[in-house]
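Below is one structure, written out as structure tokens, with a few remarks after it.
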Amino acid sequence: MPDIRELSDESGDVQFEEFMARIMPGLPPEVRQILYYPEEEDVAFYPLLLRGPGPGAPQDDPKFKIQVAAVMVLYLHHGKNTQFTRTFIMEGGLRSLVALFTHPNLHLRGQVLETFHFLTTDEICLWFDKPEDPRLDRDLPLRRRMFELSRADMVKNLLANYEGSFPGGSQIALEIFGFYISWLRLHYCKDNVMQLSQEMLDLLEKWHLRTESNAEEKE
């Protein structure tokens with residue numbers, strides 16, 4: 001079997017689709033089109049594909065299969081495409097990813113957190129820039145989408161990965177948390193000061209100490 005990461009560049013698109021078809025057979029043609037070769041207008045459907053079925057849905061609900069396929073293709077392929085990811089963010093994709101930060105399938109959760117972690121890099125958006133003239137700021141709409149997560153379960157779902165996450169998941173969640181709090185403080189807090197609860201501060205201190213201890217053990 002080929003290395004799936006080698007199939008996620010432009011030269012391997014056909015092989016990549018064939019690989020996905022083998023591990024995810026039976027997807028409707030229109031869903032496969034959106035998954036593998038989305039036009040810009042198709043990207044609006046991606047957050048919907050990520051949602052999966054509602055609570056209490058049977059395990060054979062086809063939305064489960066579509067959700068897993070959408071996460072995998074986003075992680076391996078589309079998530080590295082700047083044009084796709086910027087449109088994905090504008091269409092509410094970040095909120096859909098945040099909802100999966102506590103998904104019981106740890107493999108899927110890992111792909112989601114790693115994808116979100118990559119979306120916080122400067123390759124996608126200059127998140128920490130503060131242009132003097134907002135009219136010239138092409139990243140402003142993306143920052144607004146990021147701010148919307150403050151009214152979602154962003155922090156709650158990240159903190160839930162302190163324990164019981166996938167291998168390395170706790171560290172990735174902590175790094176995303178650090179990014180988000182620093183970003184909010186820069187753009188939305190007076191004098192760059194943010195007040196956190198003592199309970200949260202205590203958890204973050206334990207988290208940091210545990211991370212340092214794990215790093216020392218590896219050395």
Side-chain angles (χ1 to χ4, degrees), residues 1-10 12-13 15-27 31-32 34-38 42-43 45-53 57 59 61-89 91-121 123-125 145-146 149 152-180:
M1 179 177 292
D3 184 337
I4 53 179
R5 290 189 178 275
E6 293 179 356
L7 303 183
S8 61
D9 58 21
E10 292 183 3
D13 278 346
Q15 287 181 288
F16 184 77
E17 182 186 359
E18 291 174 350
F19 172 81
M20 290 298 297
R22 289 205 303 272
I23 63 175
M24 288 287 175
L27 291 176
V31 174
R32 293 181 63 184
I34 295 173
L35 281 174
Y36 307 134
Y37 304 114
D42 294 332
V43 182
F45 293 103
Y46 240 83
L48 299 176
L49 298 180
L50 291 173
R51 288 181 186 176
Q59 290 299 313
D61 190 313
K63 291 182 181 178
F64 276 122
K65 179 182 291 187
I66 293 172
Q67 180 187 50
V68 171
V71 169
M72 185 180 297
V73 178
L74 181 65
Y75 169 68
L76 292 172
H77 192 54
H78 300 315
K80 308 303 187 293
N81 182 313
T82 302
Q83 181 178 350
F84 177 95
T85 53
R86 291 178 67 89
T87 305
F88 173 75
I89 292 171
E91 296 293 345
L94 294 179
R95 186 182 287 267
S96 293
L97 291 176
V98 167
L100 301 177
F101 282 0
T102 57
H103 197 281
N105 183 323
L106 296 185
H107 184 70
L108 183 145
R109 187 194 303 191
Q111 293 179 340
V112 167
L113 278 167
E114 289 194 33
T115 297
F116 193 99
H117 191 263
F118 179 74
L119 296 183
T120 63
T121 65
E123 294 182 50
I124 305 301
C125 170
R145 283 301 198 179
M146 183 65 77
L149 301 182
D153 291 329
M154 173 79 163
V155 171
K156 174 186 173 183
N157 288 357
L158 286 172
L159 296 181
N161 281 274
Y162 173 69
E163 294 180 326
S165 192
F166 61 97
S170 178
Q171 175 64 26
I172 293 176
L174 181 59
E175 291 175 4
I176 296 174
F177 178 87
F179 158 83
Y180 198 59

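Keep in mind that the numbers below use all heavy atoms, side chains included, and drop hydrogens, waters and symmetry copies. Please read all numbers here as calculations on a predicted model, not as lab measurements.
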Check the pair His77, Tyr36 against side chain to side chain contact (heavy atoms under 4.5 Å, CB included), reporting the backbone distance first and the verdict last.
CA-CA 9 Å; His77 192 54; Tyr36 307 134; over 6 Å; no
Separation between CE of Met154 and CG of Leu97, rounded to the nearest 0.5 Å:
10.0 Å
Let me know which of Leu149, Leu100, Leu158 forms a side chain to side chain contact (heavy atoms under 4.5 Å, CB included) with Phe116.
Leu149
Can you measure from NZ (Lys80) to CD1 (Ile124) and round to the nearest 0.5 angstrom?
9.0 Å
Roughly how far, to the nearest 0.5 Å, is the CD1 atom of Ile66 from the CZ atom of Arg51?
13.5 Å
Residue pair Phe101 / Lys156, side-chain heavy-atom distance below 4.5 Å
no
Treating Thr121 as the side-chain partner and His117 as the backbone partner, does any N or O pair qualify as donor plus acceptor under 3.5 Å?
no
Any donor-acceptor pair under 3.5 Å from Tyr180 side chain to Glu175 backbone
no
Closest heavy-atom contact between Leu113 and Gly169?
CD1-O, 4.5 Å
Please evaluate residues Phe118 and Thr85 with respect to the criterion side chain to side chain contact (heavy atoms under 4.5 Å, CB included), reporting the C-alpha separation (whole Å), side-chain torsions for both, the decisive distance (0.1 Å), and the verdict.
CA-CA 10 Å; Phe118 179 74; Thr85 53; 5.6 Å; no
For the residue pair Pro47 and Gly92, what are the closest heavy atoms and their distance?
CG-C, 4.0 Å
Heavy-atom distance under 4.5 Å between the side chains of Phe88 and Leu50, does that happen here?
yes
Which pairs pass side-chain hydrogen bond (donor to acceptor under 3.5 Å, both in side chains) with one or both residues in residues 99-109, sequence neighbours excluded?
His107-Gln111, Arg109-Asn161
Quick one: CG on Leu35 to CG on Asp42, what's the gap to the nearest 0.5 Å?
10.0 Å
Check the pair Glu91 / Tyr46 against side chain to side chain contact (heavy atoms under 4.5 Å, CB included), numbers first and verdict last.
CA-CA 8 Å; Glu91 296 293 345; Tyr46 240 83; over 6 Å; no
Closest approach of Tyr162 and Ser170, non-hydrogen atoms and distance?
O-OG, 3.6 Å
CZ of Phe84 to CD1 of Ile89: how many Å apart, nearest 0.5 Å?
10.5 Å
For the backbone of Ala70 and the side chain of His78, can you confirm whether one donor and one acceptor N or O come within less than 3.5 Å of each other?
no
For the side chain of Lys63 and the backbone of Leu49, is there at least one donor-acceptor N/O pair under 3.5 Å apart?
no
In this structure, CD of Gln171 is separated from CD1 of Ile176 (nearest 0.5 Å) by 10.5 Å
Do other residues, nucleotides or ligands put more than 12 heavy atoms under 6.0 Å from Phe179 CZ?
yes
